[in-house]
Amino acid sequence: MLDIRNFIDGQFVPGSDGKAFDKRSPLNDKAIARVSEASRADVDRAVTAARAALEGPWRKLPVGDRAGLLLKVAGEMTRRHADFVDAEVADTGMPRVVANPMCARGAANFKTFAEVVKTVPTEFFETPTPDGRGALNYAIRRPVGVVGVVCPWNAPLLLMTWKVGPALACGNAVVVKPSEETPQTAALLAEVMNAAGVPKGVYNVVNGFGPNSTGEFLTTHPKVDAITFTGETRTGEAIMKAAAVGARPVSLEMGGKNAAIVFADADLEAAIEGTMRSAFSNTGQVCLGTERVYVERPLFEKFVATLKAAAEKLRVGPPSDPASRIGPLISREHQRKVLSYYAKAVEAGATVVTGGGVPEMPGDLAGGAWVQPTIWTGLPDDSAVCTEEIFGPCCHVFPFDAEAEVIERANATDYGLSAAVWTRDLARAHRVAAEIEAGIVWVNSWFLRDLRTAFGGSKHSGIGREGGVHSLEFYTELKNVCVKL
Ligand code: NAD
Ligand code: 6OD
């Protein structure tokens, strides 16, 4: 059994009060690792180490050297890519075809922000003064300080490095709280940090749970200067309350109930391929995933039949089978949640186009968190299945008749993370994209990423934007210097 420890001030350490918990495999619910739980005192040590690093050599490192170190981190991550994939697969049960690009994004997150930080523009003004001598105003960026990074389990390495990369690029020190479900890649990244020569205390990891545990100890710690979080909206609300004490800035990337809108003139093959990925990849555990698909009526029957045929070809299986496309959900607890929506759909009178249950799995896989890829039709827009985030491999397909109608229906949600619009009519694509209440709209694609672009959610899906210079805005503070000439 793996022994996973906290990483504080450059060293792997057990929890100071001896507490530890089991990490279970989603494949069969058997314990695969014993994880040290960080106590309040451990979190305090991690924050203190981060602060000391900030006041030490890390602070003095010129930006080019800092960027160079991050490139070394990226290089070392690439060298150990197979280890990261193995760790991610073990924690999540995701197929290797999913884990491979996700882990490659880990290194890309460091590379991107090593570049972005060197090109960040600043302000400069020549200011007239009454005596005619004038003044120069310029702004410099300073790191915000110690950043608390609270992470989810669905894309652990990708989402953690999406925040750690820019935070370090900007000269901050971080204390990361991985999800209790996925501790392995944060520990591996600690090994990488040491191997790359990142000064001790710059990157710290504290393991544990949320409320009354490590997550709460970290987000309420008065010496944490800013908090960046990815996870459920309700958790984000709790973190925002914690951050209010001391008026600390937060960046929140939260849940979604994303829509795809497929017009009758869409390239059907592309729309099916994109909708398949967005509904089912990573077993539907993608914040940007599509759980509501609106299809223009003339295409509706054909779209549903084609989507059903494609979904029924998806191989559900363990990562040891290279043909697997759908792994288990993250845990038996999450399986219960997703299955409760499968039951609600039937109770509410849905037509189950495909799936709707638990697949039969051989041997000890029978104990895992498996569910079938599922498609429904026939429910009203306001049913729980169509309004609440399920976070499983499932979607509901609705017919629609008019552009204005579908925009209104797609927007009738508290969430606002992303949407996909499928049409060959570019004018319509621009019109609809402009009207959709979401932070990200893809046209004729899904999850096509350029890491320099603004990423984040509207409404209950988030606060703030990260990506490119937007990340730098969160992870730095602008200071204006006014020089009288
Ligand atoms: P979660 O909110 O349950 O947990 C996220 C993290 O917060 C975990 O590390 C957890 O231990 C910690 N936590 C929980 N309660 C806390 C508290 N009171 N104080 C401090 N920390 C606390 O989310 P999850 O189940 O791990 O992830 C799935 C959710 O994340 C989904 O809702 C999904 O949509 C969302 N998500 C959003 C994005 C995005 O970019 N918008 C990306 C990925 C996932
Ligand atoms: O691509 C990204 O930067 C990102 N934050 C993706 C989020 C995926 C959610 O599951």
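Predicted model, so just to flag it, every value in this text is computed and none were measured. Each ligand, and each atom within it, is numbered from 1 in the order the structure gives.
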Using heavy atoms and a threshold below 4.0 Å, how should the contact between [X] and ligand 1 be classified: side chain, backbone, both, or neither?
X      : answer
Glu180 : side chain
Phe391 : side chain
Thr233 : neither
Asn154 : side chain
Leu288 : neither
Thr230 : both

Have [X] and [Y] got a donor and an acceptor in their side chains that come within less than 3.5 Å?
X      : Y      : answer
Glu466 : Thr228 : yes
Ser36  : Asn207 : no
Thr185 : Glu88  : yes

Quiz item: Would you say Cys287 and ligand 2 have an N/O pair spaced under 3.5 Å apart?
Solution: yes
| query | Could you go step by step and tell me if Ile330 and Gln285 meet the side chain to side chain contact (heavy atoms under 4.5 Å, CB included) rule? | reply | CA-CA 9 Å; Ile330 189 68; Gln285 301 165 120; 3.9 Å; yes
salt_bridge([X], [Y]) N-O dist < 4.0 Å:
X      : Y      : answer
Arg277 : Glu273 : yes
Asp225 : Arg51  : yes
Arg79  : Glu76  : yes
Glu181 : Lys23  : yes
Arg96  : Asp86  : yes

Looking at Asp450, Leu451, Asn154, Thr161, the heavy atom closest to atom 10 (O) of ligand 2 belongs to Asn154
With only distance considered, is [X] within less than 3.5 Å of ligand 1 through an N or O on each side?
X      : value
Cys287 : no
Glu253 : yes
Met254 : yes

- Item | Greater than 12 external heavy atoms within 6.0 Å of Lys118's NZ | yes
- So with a 6.0 Å cut-off around NZ of Lys19, is the heavy-atom count from everything else above 12? no
> Are any of the heavy atoms in Arg105 under 4.0 Å away from ligand 2?
Replying inline: yes
Per-atom contacts of ligand 1 with [X], taking only distances under 4.0 Å to non-hydrogen atoms:
X      : answer
Phe229 : 2 (O), 5 (C), 6 (C), 7 (O)
Lys177 : 8 (C), 9 (O), 10 (C), 11 (O)
Phe455 : 40 (O)
Trp153 : 24 (P), 25 (O), 26 (O), 27 (O)
Leu417 : 41 (N)
Ser179 : 9 (O)
Glu216 : 19 (N), 20 (C)

[X]: numbered ligand 2 atoms lying under 4.0 Å from its heavy atoms:
X      : value
Leu159 : 4 (C), 5 (N), 6 (C), 7 (C)
Phe447 : 1 (O), 6 (C)
Val286 : 10 (O)
Arg449 : 1 (O), 2 (C), 3 (O)

Suppose we measure from [atom] to each protein heavy atom; which comes out shortest, and what is that distance?
atom                    : value
atom 27 (O) of ligand 1 : Pro152 CB, 3.4 Å
atom 8 (C) of ligand 1  : Cys151 O, 3.2 Å
atom 34 (O) of ligand 1 : Glu389 OE2, 2.5 Å
atom 4 (C) of ligand 2  : Phe455 CZ, 3.4 Å
atom 21 (N) of ligand 1 : Gly215 CA, 3.6 Å
atom 15 (N) of ligand 1 : Thr235 CG2, 3.2 Å

* Do the rings of His460 and Tyr415 sit parallel, tilted or perpendicular, given the 30° and 60° boundaries? -> perpendicular
Can the ring centroids of Trp153 and Phe391 be said to lie less than 6.0 angstrom from one another? yes
*asked:* Yes or no: does Pro211 have any heavy atom under 4.0 Å from an atom of ligand 1?
replied: yes
Exercise. Check if Pro178 has a non-hydrogen atom at a distance under 4.0 Å from any atom of ligand 1.
Key: yes
